[in-house]
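To find a chain, count down the sequence lines: A is the first, B the second, and so on, and within it residues start at 1.
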Amino acid sequence: MITAGIDIGSVAAKAVLFDHDTGRVLARRSQPSGYDHAETVRDLLAATATKAGIESGTITALGATGYGRMAAKNTPAFTGKSAARVVSEIRCHAKGAHFLCPEVNAVIDIGGQDSKAIRLDAQGEVADFVMNDKCAAGTGRFLLMAATILEMDLPSFSQAAASGEAIAINSMCAVFAESEIVSLIARRVRREHIAAGIIESIAQRAASLARRLDTRGLFAFSGGLATSQTMANRLAAALGGKLTVPEQPQFCGALGAALLAAEGQ
Amino acid sequence: MQLQSLDRVNNYFETNALRIADAKEKGNKVVGIYCIYAPAEIILAADAICVSLCGTKQDSIPAAESVLPRTLCPLIKSSYGFLVNDSCPYLAASDLVIGETTCDGKKKMFEIMAADKNLFVMHLPYDQASEMALTSWQEQFHLLVARLEQDLSARITREKLLAAIAVVRRERQALKRVFDSAKHKPAPVTGMQLLELAFKTSFLPDKEEGISLLNAVADELETRIKTGQSPFTDQTPRIILTGVPTGMGSHKVVALLEECGASVVCIDNCVGYKKTRIAIDAAPDASQDEIIAALAKRYLAIPCSVMTPNPNRFATLKELALDFAADAVVDLSWQGCHTYNVEARAVKEFVNTELGLPCLRLESDYSTGDSEQLRTRIEAFLEMLPGKK
Ligand code: SF4
Ligand code: SF4
């Protein structure tokens, strides 16, 4: 049986095709979430199937998660089959991370507009979770905003940060942090130091979120920001080294959705 | 699921502001309160109509922010905004406003409000156990009696107090009957319906009318239970909502919980169940001072996060979790409410370890900007409950 998982986040939409008979991922794809989520779902499903070299008709079930999850519920690409199974991204990230790293007891995901720390039970199900409060500080959006001001993309931002010395970013609010960055630039602080400061501040926030969970175990770091080596290193340091990054962490939620789509089939 | 008796309350409420205006025309006095620490019985004994002024609407907040800091709790901003905009008929009608010094934000807001309203500040102690606290709270009650008598040209007597205590008790019992119907599994009523009812009946000038409306709702709900009607099933997760007050306009979390498939069986806050737990005992031959003392004692015991320590909040939660067969607890704080926000940690720990139930803590305000973020948290929380996977 082949199932698909789709994770429509506030920034990027990710899709995974999973073959339950072999227990392997057949294909992964991502694209910007865009404006029309239903269209994004259609495009992604078709493109992922092509990439895997299968007919999209052979996909048995679809799992959907992320902010655009409702758009996937009755996607026309899927007519004739049961509606997509809609699951929260917290459960999907937990499921995906547990599949990829069965040894972890907890997951940290830094998403576009939400950061979450999730504690897992022995079966890899969600036992408890905490999320950031209403503000965007400490989320992926915060980093993207900073990268835009510094005219860098995520890989170059991450690379620059690796050689920088973290300068303190004190603002608790994304909007104020933006003006803080602007004034750092005006003071001619080198951008690798600013980049390192941003990453450090996100890592500290994520770590304090994780501490609220009251778990001493090993964390998996999932989500798009986990592809940044500097981010992972800083977060690991903030957590005292108990962190592992699963393969292709940005697809963790979509993988979880694909795994959960199979349940009840 | 429509409830005829609830429709009747809604219809009655539509013209309620007019009813207050009529009553004022006939010479009746109106007293507004912001908090349930203010004793309704004493206000009624002064032959006045008692209305709740606690702000629950986003609309009035922008106006308040021209005077108050934006980071203040939305409840305080909303309450004050109604004064700035002159948009609350109940505030406008109030001959006297009682401002209880519960939290810092409120007491400083009352200082500003005092410029425009006839305000009586009730100084609430922060501890419930000491003799000193009780004595000073009693003194506040005596000062309130004197102020009401003076401002409203009223005469508060022993007999009037006893009569008021009896009426308020019957009103709270009627409300409790309605709330308690949700102890049945599955609940015959939604949390949103309970919220709407509790909110709307807190403005009615005629207590007897209110009591009969409430009892009619309770009757209809009890019939529903007998005939096995419910908007929910035995599998629907049963949630206790605890924390800050929620009214119409600040009902977002209750609505989201039920949209996501839960049944809010008990609203453990000041608009909801907390009110029904204030039972006053006064012997028929008690003197006026004894009655006032009994009232002060009972009101001081209300479990609010402004108290330190606040043991009754936890004891109550434990009782409610059992009585309502709750599957989980959701603890709501408003942004800028330090007391509920700080207490949230202890609540979560208590619910997890003492009650063995999952607990979700949420922090929000009156705007709808974070609805989708809240929905994500709520959906994930409900998925997490045993048997819901
Ligand atoms: S929550 Fe506390 S301050 Fe607010 S109305 Fe209730 S008792 Fe008063
Ligand atoms: S919710 Fe908190 S901050 Fe707001 S009025 Fe009540 S006690 Fe004060």
Side-chain angles (χ1 to χ4, degrees), chain A residues 7-10 37 63-71 85-95 107 109 111-121 123-136 139 141 172-173 175-176 209 211-214 253 256-257 259-260 263-264, chain B residues 70-71 73-74 252-253 256-257 259-262 328-338 340-342 344-353 356-389:
Chain A
D7 174 5
I8 306 179
S10 60
H37 288 165
T65 190
Y67 275 91
R69 60 194 178 281
M70 288 327 264
R85 178 166 189 210
V86 175
V87 189
S88 77
E89 61 228 57
I90 289 125
R91 189 161 177 219
C92 287
H93 275 278
K95 196 80 183 173
V107 182
D109 167 55
Q113 55 181 344
D114 267 330
S115 309
K116 37 200 163 292
I118 309 162
R119 185 158 56 82
L120 306 180
D121 66 15
Q123 284 73 47
E125 289 287 355
V126 179
D128 199 2
F129 67 93
V130 286
M131 288 174 85
N132 62 305
D133 48 38
K134 215 175 161 182
C135 173
T139 67
R141 168 87 59 209
M172 298 294 278
C173 157
V175 178
F176 286 123
L209 201 62
R211 277 193 289 272
R212 273 171 47 194
L213 263 190
D214 190 28
L259 292 169
L260 288 162
E263 286 181 11
Chain B
R70 288 194 56 203
T71 49
C73 146
K252 170 171 74 175
V253 166
L256 279 171
L257 276 164
E259 275 171 34
C260 294
V329 173
V330 173
D331 182 25
L332 175 65
S333 308
W334 297 131
Q335 275 172 357
C337 174
H338 302 324
Y340 275 103
N341 263 321
V342 174
R345 185 189 157 89
V347 167
K348 177 156 182 165
E349 198 178 299
F350 177 82
V351 171
N352 287 162
T353 56
L357 296 178
C359 179
L360 176 67
R361 68 169 285 202
L362 294 175
E363 184 185 350
S364 187
D365 60 14
Y366 289 3
S367 73
T368 50
D370 62 349
S371 292
E372 288 312 305
Q373 281 163 298
L374 289 172
R375 191 190 297 277
T376 300
R377 288 157 172 72
I378 289 169
E379 277 180 8
F381 182 66
L382 296 178
E383 285 169 0
M384 202 180 96
L385 301 182
K388 303 293 177 288
K389 278 165 186 162

**Proximity breakdown for B:Ile378 and chain A, heavy-atom pairs closer than 4.5 Å** = neither
**Region of B:Arg345 that comes under 4.5 Å of a non-hydrogen atom in chain A** = neither
**Prompt:** By a 4.5 Å heavy-atom criterion (distance strictly below it), what part of A:Phe129 contacts chain B: side chain, backbone, both, or neither?
**Reply:** both
**Message:** Please classify the contact of A:Ala127 with chain B as side chain, backbone, both or neither, using a heavy-atom distance under 4.5 Å.
**Reply:** backbone
**Request:** Sequence neighbours left out, what passes side chain to side chain contact (heavy atoms under 4.5 Å, CB included) with B:Thr368? Give chain and number order.
**Result:** B:Ser371
**Asked** Taking only residues two or more places apart in sequence, or in another chain, which ones meet B:Val342 in a side chain to side chain contact (heavy atoms under 4.5 Å, CB included)?
**Response** none
**Request:** Hey, could you give me the CZ/CG distance between A:Arg91 and A:Leu260, rounded to the nearest 0.5 Å?
**Result:** 5.0 Å
**Prompt:** Sub-3.5 Å donor-acceptor pair from the side chain of B:Lys252 to the main-chain atoms of B:Asp365, do we have one?
**Reply:** yes
